[in-house]
Structure formats: structure tokens, C-alpha cells
S.K.: 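Here it is: the structure, laid out below.
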Amino acid sequence: MKKSEDSESHTISVLVDNEPGVLARVIGLFSGRGYNIDSLTVTETEHEAHLSRITVVTAATPMVIEQIKAQLARLVPVHSVIDLTVSGPSIERELALIKVGGKGERRVETLRLADAFRARVIDATTESFVFEITGRTNKIDQFISLMEPLGLVEVARTGVAAITRGPGGLTPE
Amino acid sequence: MAREMTGAEMVLQALADQGVTDVFGYPGGAVLPIYDEIFQQEKVSHVLVRHEQGAVHAAEGYARSTGKVGVVLVTSGPGATNAVTGLTDALMDSIPIVCITGQVPTHLIGNDAFQECDTVGITRPCTKHNYLVRDVEDLARVLHEAFYVAANGRPGPVVVDIPKDVQFATGTYNGTPNVRHKTYRPKLKGDQAAIRETVELLANARKPIIYSGGGVINSGPSASRLLRDLVKATGYPITSTLMGLGAYPASGDKWLGMLGMHGTYEANMAMHDCDVMLCVGARFDDRITGRLDAFSPNSKKIHIDIDASSINKNVHVDIPIIGDCAHVLEDMVRIWKARSVQPDKAAMEAWWGQIAEWRKRESLSYKSNDDVIMPQYAIERLYQLTRDRDVYISTEVGQHQMWAAQHFHFEEPNRWMTSGGLGTMGYGLPAAIGIQRAHPDALVIDIAGEASILMNMQEMSTAVQHRLPVKIFILNNEYMGMVRQWQQLLHGNRLSESYMESLPDFVKLAEAYGAVGLRTEKPSELDDAIKEMISVDRPVIFDCRVNKLANCYPMIPSGKAHNEMLLGDEPEVEEVSEAGKILV
């Protein structure tokens with residue numbers, strides 16, 4: 001779908017029953033109705049209660065964002081839907097593993113920048129590093145763009161996980 | 001009371017416990033254990049269709065004419081894929097269906113086994129919900145849950161896919177559980193503050209209109225009664241979508257006729273000019289709104305819908321009320337009646353005066369003809385000659401469907417079954433079969449076109465086998481009329497592939513099926529032929545030869561607004577815009 005002028009990015013958390021096909025339902029909803037998925041993370045969060053949490057980052061006009069939330073909420077295995085972008089203060093984090101190759105002076109510069117971004121070295125050879133970095137999406141984007149001229153080899157990212165600040169939580173309705 | 005039984009027995013037990021008396025289906029390898037159980041019991045009877053699409057449409061007709069859940073039973077692979085059109089139709093029109101599909105045994109799933117398909121994958125986007133039952137211990141719960149999900153909230157089709165080994169396996173059946181679904185609990189009551197605000201808005205309106213839809217029918221007979229109460233209490237004009245016909249009686253003096261692409265001039269003009277619009281159980285479909293940015297530009301809009309995702313989807317509304325139509329209307333009528341102030345009398349007189357002016361256009365009129373049967377005339381006569389009977393109408397899709405909506409008038413809900421959302425040609429005959437099964441003594445007529453009827457013609461055999469005396473009234477113009485109409489309007493009159501070549505002789509075809517065939521070509525013979533059709537206590541195919549080039553008016557062409565309607569008596573259309581051409 002074409003992003004229009006007044007398109008805004010929203011982070012939406014969806015609490016679902018961890019049953020077969022539930023992720024396909026959510027993804028099918030987005031593709032079938034032409035909504036964007038900028039990032040998607042999903043895993044079981046409460047084993048006993050059989051609950052999974054899906055975090056979707058999507059961009060659309062405010063009217064379509066409301067549609068997306070209503071469409072998600074009416075899926076049968078969905079417990080609750082929360083728009084973290086508008087529901088009050090929240091925290092978003094993403095983890096990335098970033099491989100950078102290179103020799104000599106470039107390795108020193110690479111390590112110095114990694115230190116500034118608090119990226120940890122989790123694998124090293126004489127001609128490569130693998131960094132682990134967590135943070136907001138734009139911080140990771142920035143780190144990756146700095147690594148590009150220094151010998152960026154590849155990137156693996158988890159997508160965004162997000163949660164509200166304060167004592168309240170997203171519970172099954 | 002818990003009992004041990006096989007999965008196949010559970011299916012029949014659950015159906016019986018849900019009060020199901022009729023199932024529409026077609027056997028095959030992966031459902032043989034269930035068919036074996038059908039053979040050995042008497043509570044649930046089975047209607048054997050000739051194609052699985054027909055089974056779903058029959059169940060839709062059954063469901064829509066009774067308010068009950070329609071039940072379908074088909075085999076794996078092609079059985080399931082053939083059902084997909086029907087399931088999509090039921091999803092679009094919010095019809096409660098439980099469709100049980102057989103599946104290859106669990107150990108073969110994913111192996112490309114004979115007649116295997118990914119049924120839950122294929123049907124996920126065309127059902128309200130679906131299940132693959134891998135363990136017989138889950139089967140009873142899933143079956144009862146399927147009925148709950150299909151019937152509650154905004155109704156829709158639910159598929160339960162049961163592998164053959166699960167049908168043979170033994171498990172515990174716990175009776176009908178007290179269903180309180182862990183996630184799906186739709187809200188029935190509307191927000192009271194919003195309803196009070198609505199009543200104030202309505203009471204102060206100077207040019208109000210009520211626009212109702214299929215949601216009122218789905219909500220049950222009490223919703224239609226309350227809608228009538230509201231119209232009576234307010235004295236406001238009412239129009240309806242194709243899906244909502246019958247909720248308010250067509251003989252009512254507040255009735256403006258159907259709105260939308262082929263709606264009446266007065267209904268569409270009133271929608272365009274109103275200052276307060278109350279939408280009850282309709283969804284601002286593109287066939288209703290016409291050009292969106294010119295849709296009712298000066299009105300405050302209130303939208304009652306049980307499905308929150310229908311609110312603000314196409315049209316921004318001022319007051320959304322999420323809830324069941326009957327519940328919300330009940331509160332609305334009560335609050336209205338408790339309010340002592342009545343609407344502005346002078347404003348109402350002016351508004352009704354304006355409506356009377358629009359009505360004078362007689363937008364449904366057509367040129368009568370003594371030599372050739374006009375299709376509108378055929379529907380009018382059919383209506384006049386059947387109106388005192390217990391009559392149910394289904395349709396196929398196309399010009400005949402719109403003429404039926406315009407010229408056959410409905411006094412009660414659940415009497416009009418048509419494929420509105422998906423627009424499925426081939427819907428009407430199997431739907432009529434389902435309706436006749438539910439109402440054995442009623443007069444059930446499928447108003448058809450000669451093109452649509454051929455799409456599920458094989459179901460004639462079903463009607464004959466089960467002695468279901470449905471009447472198929474074909475408006476035969478030897479064209480896919482609506483396709484031709486659009487080609488005339490939008491494609492320079494190049495009638496690409498819309499002429500029906502090599503049509504069967506419908507009278508002989510009826511006889512070949514063991515039914516009765518009738519044909520009429522002259523207006524003077526029409527009445528007698530219709531009377532003969534009614535008097536025959538067997539399925540009838542009525543080949544009504546009509547004017548070949550008549551088109552369906554009034555019409556809002558694509559990309560035009562409500563106040564830019566084409567009326568039948570006007571010369572041909574000006575050029576439709578490029579933006580309009582790409583619309584469907």
C-alpha cells in the first residue's frame with residue numbers, strides 16, 4: 001500500500017491464544033487488506049495460560065490505524081489489542097546481530113563506534129566482529145549505517161518488542 | 001452427561017444437541033465415517049446436493065430464511081475447495097454457517113495425500129473462524145464452539161476440518177457445554193450516552209433519514225419490529241440496502257425504496273440532502289455510497305453496528321454505536337418515547353414535501369410494451385400474483401436481481417435471499433432449495449437470469465430428488481445483461497463475450513431433470529403461465545422471454561454521486577470519468 005502524506009507509525013501489541021494458525025490469521029489480515037507491516041515479532045509469553053504476544057509496527061493514516069485495531073480485535077483468538085503509540089508512555093526495544101569485516105585501522109574505528117553505541121562483541125576473528133546491540137529501531141538503523149563503510153557483512157534483527165511504562169499491563173479481557 | 005463415542009458419532013450428537021435437523025452435503029472418502037453415522041440415525045436428515053458450492057448456498061438460504069445456523073458437510077480436497085465460493089459468500093453477507101470438512105488422516109497431512117488440501121489455510125480468509133481438529137478429545141468442544149462463533153456477534157461461516165482418523169477415534173462427549181468463549185464475546189448493548197445523544201440529534205433534525213441494512217435482519221425479528229417502532233415514533237423516512245429489504249414493509253408510507261447504485265431517485269436524493277443519517281446495521285458499501293467524497297456531504301451520521309471494524313471503514317461517522325441492532329433500537333425507541341419534545345413540524349412538512357417532489361420522478365417507471373415482455377413487468381406480475389401467498393424469493397446476480405429488488409416488494413424480514421456482498425451468480429437455485437427445505441409448504445421462487453442459472457443448474461437434480469418444488473423464474477434476454485449494460489456504458493458498446501450463445505432449451509432441460517418446464521413470450525400470456533407455475537406442485541423452470549435490450553435504471557454510474565443518477569427515460573450517458581471506469 002502506498003504510504004500517504006499523513007501516514008503515521010504505530011506500535012500495536014496483540015495478546016492472542018497460542019493456537020495453530022493464529023500468526024497466519026494476523027499476517028493474512030494485513031496482506032489481505034493491504035496494510036503495511038514494518039516489523040513483526042511473536043512468541044509465547046505465558047506458557048501456562050497459552051498466550052502469545054504479537055508486536056506489530058505499522059504505518060498508515062489515522063483512519064486506517066483504527067481499522068487495523070478493530071480488524072485485529074475481531075479475530076476470534078485475539079484477547080486484547082493495545083496501541084502503544086497512543087496509550088501512554090511505552091518502551092520499545094529491538095535486538096540486532098551485526099557482522100562487520102575488515103582489517104587494520106578499520107577494526108579500531110569499528111570497535112570505537114560499537115563502544116559508543118554500547119554494542120557488545122559476541123564473536124570475533126582476525127577479520128570480523130559480530131556485535132549484539134539493543135535499542136530503539138532508529139538507534140540500530142544509525143549504527144548499521146555507520147558500519148556500512150567499515151565493512152558491514154550482514155544484519156539479523158528481531159523486530160520491535162514493546163511494553164508500557166508503569167505498573168499496568170496488557171491482560172486477557 | 002459424559003459418554004464415550006467415536007468422533008463421527010460426536011459430530012451427529014453435537015448436531016442433534018444444537019437442534020440441527022437438516023444438513024446439506026456431498027460424501028467422499030474423508031467423511032465416510034460421518035456418512036455412516038448419518039445412515040444409522042434419524043434426528044438429522046441429509047440433503048444430497050450435486051456440487052459442494054450448492055451445499056453452502058443451500059445452507060445459506062436455509063439460514064437466512066429461518067435465522068438458524070446452516071450446516072454443510074463435505075469431503076476433503078475438492079469437496080472443501082468447491083465450498084470456498086459459498087463460504088466467501090456467507091462471510092460477505094454475514095450468514096451463520098457451520099461447514100464440516102473431512103480431512104486426510106493426521107499422519108498424512110502435509111504429504112500431498114489423495115484429496116488432500118490445506119483446508120484451514122485455504123478457508124482462513126473466507127471464514128469468520130476455522131479449526132483443524134487433531135485430537136478427538138477436542139472435537140465436541142470445537143463443534144459447539146463453531147456454532148457459537150457462527151451465530152454470535154456478526155454472524156459468519158465457520159469451518160471445522162476433521163481428519164479421518166479423528167472421526168474413527170474414540171473420545172468423551174460431554175453434552176452441550178455452557179459456552180462462554182474465552183476470547184470471543186461480542187458486545188450487545190450500545191453505549192447509553194451515545195444512544196441519548198443520537199436521540200437528541202434525531203429529534204432536532206430537519207432533514208432526517210433512516211438507512212437500514214442486513215444487520216437488522218440478522219439481529220432477528222424483534223429488530224425489525226423495533227425498527228418499525230422507531231419509524232412510527234419519529235415519522236422519519238426510511239430506506240434500505242439490498243440486504244435489508246423486508247425489515248421495514250414496502251407498503252409502509254415512510255418507505256422510500258431501496259437506495260444505492262440501482263436504488264430509487266427519492267432514496268438516493270434524500271441520502272444526499274439529509275442533515276441527520278441514522279445507519280442501522282449497514283456498512284456503507286461502495287454500492288450504497290457511490291462517490292465517497294460526495295456522499296451525503298452535509299449530514300451528521302450515526303452508525304449502529306455489532307462489528308466495530310465496520311465503523312469509520314469507508315465513511316467517517318459522528319456517533320458510532322457498537323452493539324446489536326435489536327438492543328440498541330430498543331433503548332433508542334424507549335428514550336425517544338420518554339422525550340416529550342417532538343420534531344419541528346414545519347421542517348418535517350418541508351422535508352416530506354421535497355421527498356414527494358422526488359417521488360414524482362417515478363424513477364422505477366419503464367416503457368410498457370404490448371408485444372414483448374418487459375422484465376420489470378414480469379417481476380411486477382409475479383409479485384401481484386404471489387403477494388397473498390407465503391412466498392420466499394431468492395435471486396441469482398445481475399439485472400434480474402436488481403429488477404427483483406426494485407419491483408418485488410417485501411413486507412417481512414427473512415423473505416428475500418440474495419447474494420449481495422460477493423455477487424455470486426449461481427446462488428439462487430441452491431439457496432431456494434435450502435429455503436424450501438426449511439419451509440416445505442411455502443412458495444419459493446428463484447428469480448434468475450439465463451446466464452446465472454446455468455452456473456449451478458445441476459442442483460435441479462437435488463430439487464427433484466428431495467421433492468422440493470422450487471420455482472425458477474428466468475428472465476431470459478439471451479445476454480449477461482448487467483455485463484452488457486456496463487459494456488454499453490463504459491466500453492463503447494463493444495459487447496465482448498456477453499451474448500449467451502447455444503442456450504439450452506429450458507423447457508426440455510426441466511423435463512430432462514424430471515421437473516416441469518414452461519415458456520412464455522407474450523405479455524398477454526404471462527399471467528396464466530405464472531398461475532400455472534404456482535399451481536404445479538413440482539420444481540418448475542419458467543423460461544420467461546423478455547425484451548433483450550432492456551437495461552436496469554435508475555443507476556448511479558461508477559464514480560458518481562447520489563445526486564448524479566441516470567434515469568431510464570434519459571438519453572444515453574455522458575462519458576464516465578477515467579476514475580469511474582476503474583471501479584467495479
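Remember, it's a predicted structure, so these values are computed and weren't measured experimentally. Numbers restart at 1 for each chain; the letters A, B, ... are given by sequence-line order, proteins then strands.
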S.K.: Verify, without hydrogens or angle tests, whether B:Thr183 (side chain) and A:Val76 (backbone) share a donor-acceptor contact under 3.5 angstrom.
M.R.: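 A pair under 3.5 Å: yes.
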
S.K.: Chain B: which of A:Gly32, A:Ala73, A:Ala70 shares the most heavy-atom pairs with it under 4.5 Å?
M.R.: A:Ala70

S.K.: Flag the pair B:His129 / A:Arg25 as yes when at least one side-chain heavy-atom distance between them is below 4.5 Å, and no otherwise.
M.R.: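 B:His129 reaches A:Arg25 side chain to side chain.
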
S.K.: Looking at every heavy atom in both B:Asp307 and A:Arg74, which two are closest together, and how far apart are they?
M.R.: OD2-NH1, 2.6 Å

S.K.: Can you tell me if A:Lys99 has over 12 outside heavy atoms packed within less than 6.0 Å of its NZ?
M.R.: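 Incorrect, the count does not exceed 12.
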
S.K.: State whether the number of non-hydrogen atoms from other residues, nucleotides or ligands found under 6.0 Å of B:Asp112 atom CG is greater than 12.
M.R.: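 Incorrect, the count does not exceed 12.
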
S.K.: Are any of the side-chain heavy atoms of A:Asp17 and B:Lys182 separated by less than 4.5 Å?
M.R.: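 Sidechains of B:Lys182 and A:Asp17: in contact.
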
S.K.: Tell me, side chain or backbone of B:Asn130 under 4.5 Å from chain A's heavy atoms, or both, or neither?
M.R.: both

S.K.: I'd like to know whether NZ of B:Lys300 has more than 12 heavy-atom contacts from other residues, nucleotides or ligands below 6.0 angstrom.
M.R.: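 No - once you tally the heavy atoms of other residues, nucleotides and ligands closer than 6.0 Å, there are 12 at most.
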
S.K.: Could you look at B:Ile311 and say if it's the side chain, the backbone, both or neither that has a heavy atom under 4.5 Å from chain A?
M.R.: backbone

S.K.: Can you tell me which portion of B:Val120 sits under 4.5 Å from chain A's heavy atoms? Options are side chain, backbone, both or neither.
M.R.: neither

S.K.: Using non-hydrogen atoms only, which part of B:Asn152 is less than 4.5 Å away from chain A: side chain, backbone, both, or neither?
M.R.: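 Neither; nothing under 4.5 Å.
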
S.K.: Looking at A:Ala24 and B:Arg124, what are the two nearest heavy atoms and their distance?
M.R.: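 For A:Ala24 versus B:Arg124, the nearest heavy atoms are CB-NH1, 3.1 Å.
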
S.K.: May I ask you to check whether over 12 heavy atoms, not counting those of A:Ile163, lie within 6.0 Å of atom CD1?
M.R.: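 12 or below, so no.
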
S.K.: Hey, is CZ on A:Arg118 packed in by over 12 heavy atoms from elsewhere, all under 6.0 Å?
M.R.: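 Counting neighbours around CZ of A:Arg118, 12 or fewer heavy atoms of other residues, nucleotides or ligands fall under 6.0 Å, so no.
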
S.K.: Can you say whether A:Glu66 sits under 4.5 Å from chain B via the side chain, the backbone, both, or neither, judging by heavy atoms?
M.R.: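 Looking at A:Glu66, nothing touches chain B.
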
S.K.: Any donor and acceptor pair, going by atom type alone, linking the side chain of A:Gln67 with main-chain N or O of B:Ser309 inside 3.5 Å?
M.R.: yes

S.K.: Could you tell me which portion of B:Arg154 (side chain, backbone, both or neither) has an atom closer than 4.5 angstrom to a non-hydrogen atom of chain A?
M.R.: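 Contact with chain A is through the side chain of B:Arg154 alone.
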
